[in-house]
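Computed from a predicted model, the values in this text were never measured in an experiment. Just so we're on the same page: letters track the sequence lines, and every chain starts at 1.
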Amino acid sequence: MSREELESRKRYEPSEIEPRIVERWLASGIFHPEPEGTAADNYSIAVPPPNVTGSLHMGHALNGSIQDVLVRYHRMRGLRTKWIFGTDHAGIATQTKVEQALAAEGVTRAQLGREAFVGRAWEWRREHGSTIVEQFKRLGASLDYEDERFTLDEAYAAAVTRVFVGLYEKGLIYRDRYLVNWDPGSCSAISDLEVVQEEVDDVLYHVRYDVEGGGEVVVATVRPETILADTAVAVHPGDERYASLVGGTAVIPLVRRSVPVIADEYVRPEFGTGALKITPGHDPNDFDIGRRHGLEEISVIGEDGRMNEVAGQFAGLPALEARERVVAALEAEGRLVAREAYRHEVPVSHRSGERIEPLISLQWFMRMDELASPAIEAVRDGRVRIHPDGQRQVYLDWMENIRPWTLSRQLWWGHQLPVWYRGEETHVGVDPPRGDGWERDPDVLDTWFSSALWPFATLGWPETTPALRAFYPTDVLSTARDILFLWVARMIMMGLEFMGEVPFHDVYVHSVIQAPDGRRMSKSLGTGIDPVDEIERHGADAVRFGLLAMSSTQDVRYSAAKVEQGQQLANKLWNASRFALLGVVEDVDPAPRPETVEDRWILSRVQRAKRMMADCVAEFDFSHAALGLYEFVYGELCDWYLEMVKPRLYDQDADREALSAHLLFVLTETLELAHPVIPFVTEEIWSHLPGERGLLAGRAVEGLEPAWLDDEAEARVGRAIEAVRALRGWRDHVGLQPGETVPARLAAEGYDDTLAHLARFARLELSADGGDPVASVPIPGGAVEILAGGGFDPGAAERRRAERRAGIESEIARSEGKLANQGFTAKAPAQVVEAEREKLARLRSELEAV
RNA sequence: GGGCGGUUAGCUCAGCUGGUCAGAGCGCCUGCCUUACAAGCAGGAGGUCGCUGGUUCGAGCCCAGCACCGCCCACCA
């Protein structure tokens with residue numbers, strides 16, 4: 001770009017520049033490291049694989065920004081860095097989308113048949129799978145796009161099969177008839193983690209059951225249709241009202257089945273009537289009670305959600321309809337004692353939103369306790385650190401109470417179980433069985449089963465590949481809280497089991513971004529904000545900065561202001577760079593050549609900023625990283641250093657070569673510092689630096705240079721800054737015109753090398769004499785005496801003086817009181833007391849000056 | 001029911017192991033088109049740090065209780 005162009009572009013335009021930068025990054029290959037060395041030397045992160053059919057949402061954008069900061073930061077520290085990329089086949093989500101598309105054509109999945117359906121799903125993936133990939137690029141995420149994985153790829157599928165077979169052979173995976181969460185929406189069993197509780201208004205029916213030999217017992221239920229599957233009535237063992245009934249026989253209404261009356265601690269005597277109908281076939285609690293008492297397990301509702309033949313006259317009816325008919329029948333028999341409105345929580349499928357139908361089904365399960373132990377240990381002993389710390393305990397609690405995992409799904413899109421049946425025979429293996437007559441289990445695995453292998457299956461496991469050696473274990477896993485169990489815990493278990501090593505050393509659990517009004521961001525609520533829109537509007541740097549700045553260890557509301565702050569930062573940096581690039585002499589390379597106190601000051605401040613950034617990255621404190629960067633660029637570089645440098649830069653007699661080199665050096669240091677957070681604008685500016693220096697993103701930078709830390713320079717310039725602020729405030733208060741220079745005399749120590757700055761910033765015409773001052777402005781180390789001749793309001797100046805005195809006097813009083821307190825001087829640390837004494841002395845001298 | 005986190009300026013949030021910690025950004029007010037940036041610059045107003053007790057020489061910061069808010073987990077008809 002020509003000098004003229006740089007001159008004219010007073011505003012940073014991300015939408016023009018960013019796509020071009022992405023192309024340069026991708027073409028350079030710096031995101032794709034060769035698999036060399038070991039994981040101990042390298043840096044890697046495995047991205048939580050987005051759903052292949054999905055599009056970028058705020059969670060992706062935040063997590064992408066976080067991981068990219070980590071990845072870019074470490075890449076720039078010279079580490080071989082790989083951000084493992086790929087997408088997830090997302091069983092239910094994708095299958096649902098494809099089914100919806102088919103429905104629009106008037107075709108059902110059944111009509112199409114399995115093979116054709118799966119073909120359509122792959123086609124769907126080809127068409128839509130690149131959307132989210134492009135969106136990650138747009139965000140600036142420096143993923144290894146050249147090495148993209150998909151959880152249904154052949155190699156990945158082989159790893160999945162291998163793991164399944166291995167765990168089966170170990171006895172951890174088994175088939176069982178068990179009560180599962182049946183999702184009528186997807187017509188599949190789902191795991192406990194995919195079930196959410198939702199509050200609904202129900203009716204609690206009180207139904208009278210006869211007891212053989214006379215008497216009756218009234219039970220309460222919200223699901224009268226399951227009465228048909230009752231196999232017992234239970235009361236609390238200590239409930240005297242029913243003591244005589246225990247051991248007896250009750251008769252189930254309508255079906256006239258005789259069932260035992262049992263006593264079980266589970267029953268709460270105070271609830272309802274204190275008597276509970278037991279339906280092991282359709283209720284998880286009852287299922288457990290049933291197993292405890294050896295009760296019969298009867299199913300009356302089938303997987304199609306309709307009553308089955310066992311339901312007799314109600315067979316074929318949808319369960320809800322059957323409920324009404326059962327209630328009517330009970331009423332006709334005079335068995336309905338009462339009905340009361342009842343609000344309670346019921347299980348609902350997280351995916352389909354439909355109410356879960358608990359039913360007994362033949363499914364594949366995985367026992368988790370054995371794998372959990374080492375995974376608990378790994379977190380306990382710190383091999384895996386979970387941040388923030390609160391999430392650690394959540395993880396441990398869950399792991400310690402872990403239950404079997406329902407693995408099989410009655411879907412078509414996914415990893416089909418490596419299981420074959422022939423009559424009573426079952427074959428589980430990597431290879432199909434020999435011989436005829438074998439039929440493969442039609443079910444597929446829970447998507448999360450394959451996701452659990454992500455950190456090593458993406459690197460070529462079970463082969464011992466160079467990539468596996470170079471990048472496993474990964475360094476950090478960054479994710480939202482909602483998949484801590486669903487995914488993170490399972491990765492730790494699988495990693496330990498199959499790699500013998502934890503899959504990552506740190507887990508960072510980031511914020512959930514809520515809508516600005518505090519509600520959940522969701523499409524259906526209309527509260528969603530599309531990060532891609534925001535990128536188009538404000539630039540990717542702005543969105544990244546904003547998301548990082550608003551993130552914390554808890555959930556946060558989306559803050560458009562923070563994104564705008566990011567946009568302004570990018571613009572500020574752009575203009576500061578224009579100032580530097582257009583102001584320096586030609587043919588000078590960036591180099592530290594401090595000549596003045598401010599040159600040393602900024603060099604030192606840059607080191608502090610670097611330290612801040614390093615600390616923040618190490619502590620996963622991205623908010624402070626972003627805001628600290630902003631503070632440095634605005635509050636130090638632009639507001640002060642660039643302003644201090646201007647006279648020298650415009651002075652043809654000054655040593656502009658040294659200044660140019662130094663200014664460019666400060667600029668490059670700033671760009672390197674800022675790049676992980678705002679990569680685009682920094683890369684763009686980098687390209688305008690004189691000379692050929694490659695891509696900033698691929699640069700290995702020096703760490704903090706302790707030799708450039710300069711406490712003295714910081715103290716001197718810091719004092720000057722404080723003085724300027726005091727003087728500006730005074731000027732404003734006394735009504736001085738901003739442009740007017742006032743005669744003044746310095747009566748303070750410590751401004752030898754900042755005097756010119758003081759005079760220029762505060763618009764003072766300093767002289768050594770000039771008679772009696774007409775006003776005095778206290779500054780650190782003394783005061784500036786204002787001499788006659790300035791056009792200010794003496795009354796205002798006097799008021800200002802009085803206010804200042806009053807303020808100082810009250811502070812003195814407070815300080816004196818504190819020091820007079822025996823308790824304070826005796827018990828507070830000597831250091832604190834001493835500091836207080838110094839403060840008091842300073843206040844007293846200030847009072848004299850004002 | 002259990003657990004975790006929150007309650008600080010009009011809004012969104014910082015405030016590390018108790019002692020200049022009462023802050024930032026946005027918004028608001030005042031003034032400036034100062035040769036990098038007016039999507040800028042300078043200055044300013046604004047908070048009894050949810051409530052009540054307690055510990056301490058000293059408490060947004062520690063303890064207890066309470067009140068709201070959010071999230072996670074949980075099989076209560």
Side-chain angles (χ1 to χ4, degrees), chain A residues 6-7 10-12 179 192-193 197 202 204-205 219-223 226 234 266-268 271-279 283-289 342 344-345 347 358 388-391 393-394 397-398 401 481-482 484-485 512 514 516 518 520 538 549-550 552-562 564-565 567-568 570-583 619 621 623-624 627 630-631 635 638-639 642-643 646 650 724-725 728-733 735-739 761 763 811 815 818 821-829 831-833 835-836 839:
Chain A
L6 196 58
E7 186 113 42
K10 297 188 170 187
R11 174 148 159 57
Y12 175 65
L179 194 80
D192 295 342
L193 289 175
Q197 301 297 127
D202 255 331
L204 189 61
Y205 298 92
V219 302
T221 180
V222 292
R223 304 201 58 196
T226 65
Y266 169 78
V267 182
R268 293 191 316 159
F271 188 92
T273 61
L276 177 62
K277 69 192 265 314
I278 301 298
T279 320
D283 182 279
N285 304 309
D286 295 6
F287 183 81
D288 290 342
I289 294 170
Y342 187 58
H344 67 145
E345 291 196 327
D389 199 53
Q391 294 302 309
Q393 199 52 48
V394 174
D397 288 345
W398 186 76
N401 297 299
R481 217 173 21 237
D482 55 351
L484 187 63
F485 308 143
V512 172
Q514 301 168 332
R520 184 172 278 284
H538 304 285
M550 70 183 91
S552 81
T553 54
Q554 65 179 86
D555 294 352
V556 291
R557 299 178 181 204
Y558 185 78
S559 163
K562 285 285 191 293
E564 279 159 27
Q565 196 181 345
Q567 188 173 1
Q568 285 169 349
N571 189 240
K572 190 76 172 175
L573 201 52
W574 170 252
N575 279 299
S577 303
R578 284 176 58 239
F579 166 76
L581 292 168
L582 294 169
E619 291 162 19
D621 185 356
S623 170
H624 287 105
L627 294 172
Y630 180 94
E631 178 57 31
C638 294
D639 289 351
L642 295 187
E643 294 301 331
K646 276 178 181 174
Y650 295 139
V724 169
R725 289 208 171 109
R728 281 172 172 170
W730 181 82
R731 290 182 60 109
D732 202 65
H733 261 81
L736 265 171
Q737 287 301 104
F761 290 138
R763 303 238 175 187
E811 276 191 74
S815 185
K818 206 169 177 180
N821 182 345
Q822 296 276 336
F824 176 68
T825 48
K827 295 190 180 180
Q831 225 180 336
V832 173
V833 176
E836 191 63 37
K839 180 183 171 184

Per-nucleotide protein contact string for nucleotides 71-77 of chain B (B base, S sugar-phosphate only, - none; heavy atom under 4.0 Å): SSSBBBB
Between [N] and [M], how far is it from one [atom1] atom to the other, in whole Å?
| N | M | atom1 | value |
| --- | --- | --- | --- |
| B:G60 | B:C21 | C1' | 9 Å |
| B:C26 | B:G70 | C1' | 24 Å |
| B:G27 | B:U12 | C1' | 11 Å |
| B:G18 | B:A24 | C1' | 23 Å |
| B:U55 | B:A64 | P | 15 Å |
| B:C29 | B:C37 | P | 26 Å |
| B:G43 | B:C4 | C1' | 44 Å |
| B:C75 | B:C49 | P | 43 Å |

For the side chain of [X], counting heavy atoms from C-beta on, which of [options] is nearest?
| X | options | value |
| --- | --- | --- |
| A:Arg763 | B:G19, B:U34, B:C37 | B:U34 |
| A:Lys562 | B:U12, B:G19, B:C37 | B:U12 |
| A:Arg557 | B:G15, B:U12, B:G19 | B:U12 |
| A:Ser559 | B:G15, B:U12, B:G19 | B:U12 |

Dot-bracket summary - RNA chain B, pairs being Watson-Crick or G-U whose distances fall under 3.5 Å, with | when paired to another strand: (((((((..((((.....[...)))).(((((.......))))).....(((((..]....))))))))))))....
Side-chain N or O of A:Lys572 closer than 4.0 Å to phosphate OP1/OP2 of B:C41: yes
Minimal non-hydrogen separation, A:Leu582 against A:Glu7, with atom names: CD1-CA, 3.8 Å
Toward the 5' end of RNA chain B, by each residue's nearest nucleotide, A:Asp397 or A:Ala828: A:Asp397
Given RNA chain B, 5'-ward residue of the pair A:His733 and A:Gln565, judged by closest heavy atom: A:Gln565
Test: A:Lys572 cationic atom under 6.0 Å from A:Tyr630 six-membered ring centre, within 45° of axis: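 The answer is no; the distance or angle limit is not met.
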Donor-acceptor under 3.5 Å (A:Arg578 side chain, A:Leu6 main chain):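 Yes.
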Under the side-chain contact (heavy atoms from CB on, under 4.5 Å) test, residues paired with A:Lys839 that sit two or more places apart: A:Glu811, A:Arg814, A:Glu836, A:Arg842, A:Leu843
